[in-house]
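Here's the structure we're looking at; comments come further down.
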Amino acid sequence: MTSVTWRIVEFVGAVEKKIGVRFPSVGVGSTPSCSHPSPLMAQLTELHPGNYIFYDVQQQQLGSCKEEDIAVAVATRITGHYPRRNQMLIDCGFTALTKQGWGKLATGYGVVRGHPHLKLCAMDQEHGFLQPLGPEKLDFSRYPVGTMLFILPYHSCATAAQFSQYLVVEDGVVVDEWRPTRGW
């Protein structure tokens, strides 16, 4: 990100010097830029932080954060067992998570927090299917119907846009409720 910031600062300086055009605002933006700031950013007047406030699995893969830094998780419950298919049904589909990320994660469409051996292998609008990453059989007794799981989204922007409120959780307790601003 330093090279991008440097190129922008250099370009603005060259335009100001060569043709006298001043830029009242100079900004860059992305989650990685905000996650790993450069001293050059002091020359900027604005910063566009992307999903820096939430992070997501994509940003974890890019090195912007660690899994424990990801602040968005979609709560879901196990609603059914399919032993013949070695799968579990959950009440979370693509309208809660989006289908972004398919093929980019061994764990499917997201990461099941605390259960790295599970894969979100399929989704329809309102449901998803979990199965083991490998050939092992699921131990359904570990996941009774009603068990709450939390899925970290591949892309939190698309996920967060689906919800009219966000529950702020600290140490497993809801401490606040945020309502996002809508519109551009």
statement: Here the pair of heavy atoms bringing G108 nearest to K119 is N-CG, 3.8 Å
task: Would you indicate whether F23, at its atom CZ, is surrounded by more than 12 heavy atoms from other residues, nucleotides or ligands within a distance under 6.0 Å?
output: yes
- request: Determine whether H48 and S30 make a side-chain contact, defined as any pair of heavy atoms from C-beta on separated by less than 4.5 Å.
  value: no
query: With a 4.5 Å limit on heavy-atom distance, are the side chains of V26 and E46 in contact?
result: no
- request: Give the C-alpha distance, both sets of side-chain angles, the deciding distance and a yes or no for side-chain contact (heavy atoms from CB on, under 4.5 Å) between L130 and I90.
  value: CA-CA 7 Å; L130 295 172; I90 58 173; 3.6 Å; yes
task: Evaluate whether atom OH of Y52 has more than 12 neighbouring non-hydrogen atoms of other residues, nucleotides or ligands under 6.0 angstrom away.
output: no
task: Taking the side chain as every heavy atom from C-beta outward, state whether F129 and Y82 have any atom pair closer than 4.5 Å.
output: yes
message: Would you compute the distance between atom CD of Q131 and atom CD of Q87 and round it to the nearest 0.5 angstrom?
response: 5.0 Å
message: Under 6.0 Å between ring centres: does that hold for Y143 and H115?
response: yes
- request: Output, in order, the C-alpha distance, side-chain angles, deciding distance and verdict of side-chain contact (heavy atoms from CB on, under 4.5 Å) for D56 and L152.
  value: CA-CA 7 Å; D56 54 32; L152 304 176; over 6 Å; no
- prompt: Would you call the rings of Y166 and F54 parallel, tilted or perpendicular, where under 30° means parallel and over 60° means perpendicular?
  reply: perpendicular
- request: Taking all heavy atoms of V9 and all of L40, pick out the closest pair and write down the distance.
  value: CG2-O, 4.4 Å
query: Crowded around R77 CZ? As in, over 12 foreign heavy atoms under 6.0 Å?
result: no
task: Before giving the answer on side-chain contact (heavy atoms from CB on, under 4.5 Å), spell out for T5 and M41 the whole-Å C-alpha distance, their side-chain angles and the decisive distance to 0.1 Å.
output: CA-CA 7 Å; T5 304; M41 291 174 134; 4.3 Å; yes
query: Are the side chains of T107 and L133 in touch, meaning some heavy atoms are under 4.5 Å apart?
result: yes
Considering all heavy atoms, the nearest P132-N86 contact: CG-ND2, 3.3 Å
- line: Shortest non-hydrogen pair, E67 vs R113, comes out as O-NH2, 3.8 Å
Rounded distance (nearest 0.5 Å) linking atom SG of C34 with atom CG of L47: 3.5 Å
query: Sub-3.5 Å donor-acceptor pair from the side chain of S156 to the main-chain atoms of Y55, do we have one?
result: yes
task: Without swapping roles, check the side chain of S35 against the backbone of T31 for a donor-acceptor pair under 3.5 Å.
output: yes
- prompt: Quick one: do I53 and V72 end up in the same hydrophobic cluster if we chain Ile, Leu, Val, Met, Phe, Trp and Tyr together by side-chain heavy atoms under 4.5 Å apart?
  reply: yes
- prompt: What about L138 and V112, same hydrophobic cluster or not, with Ile/Leu/Val/Met/Phe/Trp/Tyr joined at side-chain heavy-atom distances under 4.5 Å?
  reply: yes
- prompt: Of all heavy-atom pairs between A158 and Q162, which one has the smallest distance, and what is that distance?
  reply: O-CG, 3.4 Å
query: Going hydrophobic residue to hydrophobic residue with side-chain gaps under 4.5 angstrom, can you get from F150 over to L89?
result: no
query: Under a 4.5 Å cut-off applied to non-hydrogen side-chain atoms, are V57 and L105 in contact?
result: yes
task: Determine whether L120 and L97 make a side-chain contact, defined as any pair of heavy atoms from C-beta on separated by less than 4.5 Å.
output: yes
Whether T95 side chain and Q125 backbone form a donor-acceptor pair below 3.5 Å: yes
- prompt: Does the side chain of M123 reach to within under 4.5 Å of the side chain of K99, using non-hydrogen atoms?
  reply: yes
message: Atom CD of residue position E170 - does it have more than 12 heavy atoms of other residues, nucleotides or ligands inside 6.0 Å?
response: no
task: Taking the side chain as every heavy atom from C-beta outward, state whether T159 and Q100 have any pair of such atoms under 4.5 Å apart.
output: no
query: If you group Ile, Leu, Val, Met, Phe, Trp and Tyr by side-chain heavy-atom gaps below 4.5 Å, do F163 and V168 land in one group?
result: yes
query: Which pair of non-hydrogen atoms, one from M148 and one from A75, has the smallest distance, and what is that distance?
result: SD-CB, 3.8 Å
message: Do I70 and W178 sit in one hydrophobic cluster, given that two such residues count as connected whenever their side-chain heavy atoms are within less than 4.5 Å of each other, even indirectly?
response: no
- request: Taking atom types as modelled, find out whether T79 and D91 have a side-chain donor-acceptor pair closer than 3.5 angstrom.
  value: no
- prompt: Have T98 and Y109 got a donor and an acceptor in their side chains that come within less than 3.5 Å?
  reply: no
